[in-house]
Amino acid sequence: CDVRKLIGDMKLRDVTDEMIEELIDTHVQRGKLRNAGKLFAYMRAAFAKSKKHKPFALKRWNNPFNNVDKPEGTDSNAVDRALNKREIRQFWDLLGRNPTGMMDGTVAIMKLLILTGQRVEQTSRMRWADVDLTEGVWDVPAAETKTGKKSKVGHVVPLTPLAIEIIESMPLCFGEEFIFPGKGGGKPFSFCGLSNPLKKL
């Protein structure tokens, strides 16, 4: 979200190393060192790949990442942390009471994350065409999975009766592709919008 705001509409040639450092510092100042490290790694890889992409004609372009060092303390490994049964019950209870007044779609997405164990992004982009509520399955397209983008193979997720009930509770608008539509319709719910409600909860 921060990347889109600062450099999303810019030409690659116009992005400076100062802008890159500003983006990374945003996460460092928040104390989100792992996010800062991931942002650095992903953007550096994208910029390097762009230079090798001949149609972009960036052969003589000076990649700003040549002048940016990876911030210290961002080499942390992924945390090995999961909610225990008691914490899941507490979280589920909070979602049911919804004391922070979250949108129904946001609550539904969070409940489905618990029930299906799927990734946040693919759950928030769930489409009506990919679920069979009679058979109780969600056929996740390859393009929506982390490994499927390379293997071109999706996967099927079984839906429990409770998961089906949650999906059925969402309003089905005529012509709407996504179960959790974003603002304005025609687009999926932005999973970036989950972080603030989750923090409040």
Side-chain angles (χ1 to χ4, degrees), residues 1-6 8 23 26-27 30 32 34-36 38-39 41-43 46 78-79 81-83 87-88 90-201:
C1 297
D2 295 317
V3 172
R4 287 196 190 101
K5 288 176 186 175
L6 184 63
L23 282 168
T26 299
H27 293 283
R30 291 173 183 163
K32 304 291 186 181
R34 185 163 176 260
N35 284 355
K38 287 169 66 178
L39 180 64
Y42 293 159
M43 287 187 63
V79 292
R81 170 77 170 91
L83 299 180
E87 291 169 327
I88 290 174
Q90 290 176 334
F91 184 58
W92 190 272
D93 179 57
L94 274 174
L95 288 173
R97 290 189 284 113
N98 194 10
T100 59
M102 288 185 294
M103 295 171 56
D104 291 343
T106 305
V107 173
I109 290 171
M110 290 188 185
K111 285 185 173 181
L112 286 174
L113 292 174
I114 294 173
L115 293 170
T116 64
Q118 299 305 296
R119 298 173 65 83
V120 176
E121 187 172 4
Q122 67 193 41
T123 304
S124 64
R125 295 174 58 88
M126 186 185 286
R127 301 184 308 170
W128 290 108
D130 298 328
V131 296
D132 186 332
L133 300 181
T134 303
E135 295 294 326
V137 293
W138 171 22
D139 192 358
V140 185
E144 295 295 337
T145 69
K146 190 173 183 179
T147 56
K149 289 170 184 171
K150 289 184 178 180
S151 68
K152 307 300 182 187
V153 177
H155 67 265
V156 175
V157 179
L159 297 173
T160 64
L162 184 52
I164 293 171
E165 183 181 319
I166 291 169
I167 294 170
E168 287 179 333
S169 72
M170 299 308 299
L172 177 55
C173 302
F174 180 75
E176 180 56 62
E177 177 183 3
F178 298 98
I179 295 175
F180 308 107
K183 292 181 180 178
K187 294 182 179 180
F189 180 89
S190 173
F191 73 98
C192 292
L194 286 175
S195 57
N196 285 334
L198 189 56
K199 285 177 184 176
K200 289 179 182 178
L201 194 67

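Because the structure is predicted, anything quoted here is derived from the model rather than measured. Counting from 1, the numbers follow the sequence of the chain as shown.
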Let me confirm one number: the [atom1]-[atom2] distance from [X] to [Y], rounded to the nearest 0.5 Å.
X: F189; Y: S124; atom1: CZ; atom2: OG; value: 7.0 Å
X: I114; Y: F91; atom1: CD1; atom2: CZ; value: 5.0 Å
X: L6; Y: T26; atom1: CG; atom2: OG1; value: 8.0 Å

* Asked: Under the salt bridge (charged side-chain N to carboxylate O under 4.0 Å, His left out) test, which residues partner R97, sequence neighbours left out?
  -> D93

* **Non-neighbouring partners of D139 that pass salt bridge (charged side-chain N to carboxylate O under 4.0 Å, His left out), sequence neighbours left out** =>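 Listed in chain order: nothing, the list is empty.
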
* Which residues pass the side-chain contact (heavy atoms from CB on, under 4.5 Å) test with V137, sequence neighbours left out? ->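 For V137 the side-chain contact (heavy atoms from CB on, under 4.5 Å) partners, ignoring immediate neighbours, are D132, E135, V156.
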
* Asked: Got a sec, which residues hit side-chain contact (heavy atoms from CB on, under 4.5 Å) with E121, two or more places apart in sequence or on another chain?
  -> R125, F191

* To do: Using a 4.5 Å cut-off on heavy atoms from C-beta on, say whether the side chain of Q118 contacts that of H155.
  => yes

* pair T123-W138: side-chain heavy atoms closer than 4.5 Å -> yes

Identify every side-chain donor-acceptor pair in residues 158-173 under 3.5 Å, counting partners at least two apart or on other chains, and give the distances.
residue	atom	partner	partner atom	Å
T160	OG1	A163	N	3.2
S169	OG	I166	O	2.5

* To do: Please report the closest heavy-atom contact between F178 and W128, naming both atoms and the distance.
  => O-NE1, 3.6 Å

* **For the student: nearest non-hydrogen atoms of P141 and R127, plus distance** =>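 So the minimum-distance heavy-atom pair works out to CG-NH2, 3.9 Å.
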
Extract all donor-acceptor atom pairs below 3.5 Å that involve side chains of residues 98-112 and protein atoms in other chains or at least two apart in sequence.
residue	atom	partner	partner atom	Å
N98	OD1	G101	N	3.3
N98	OD1	M102	N	2.8
N98	ND2	M102	O	2.9

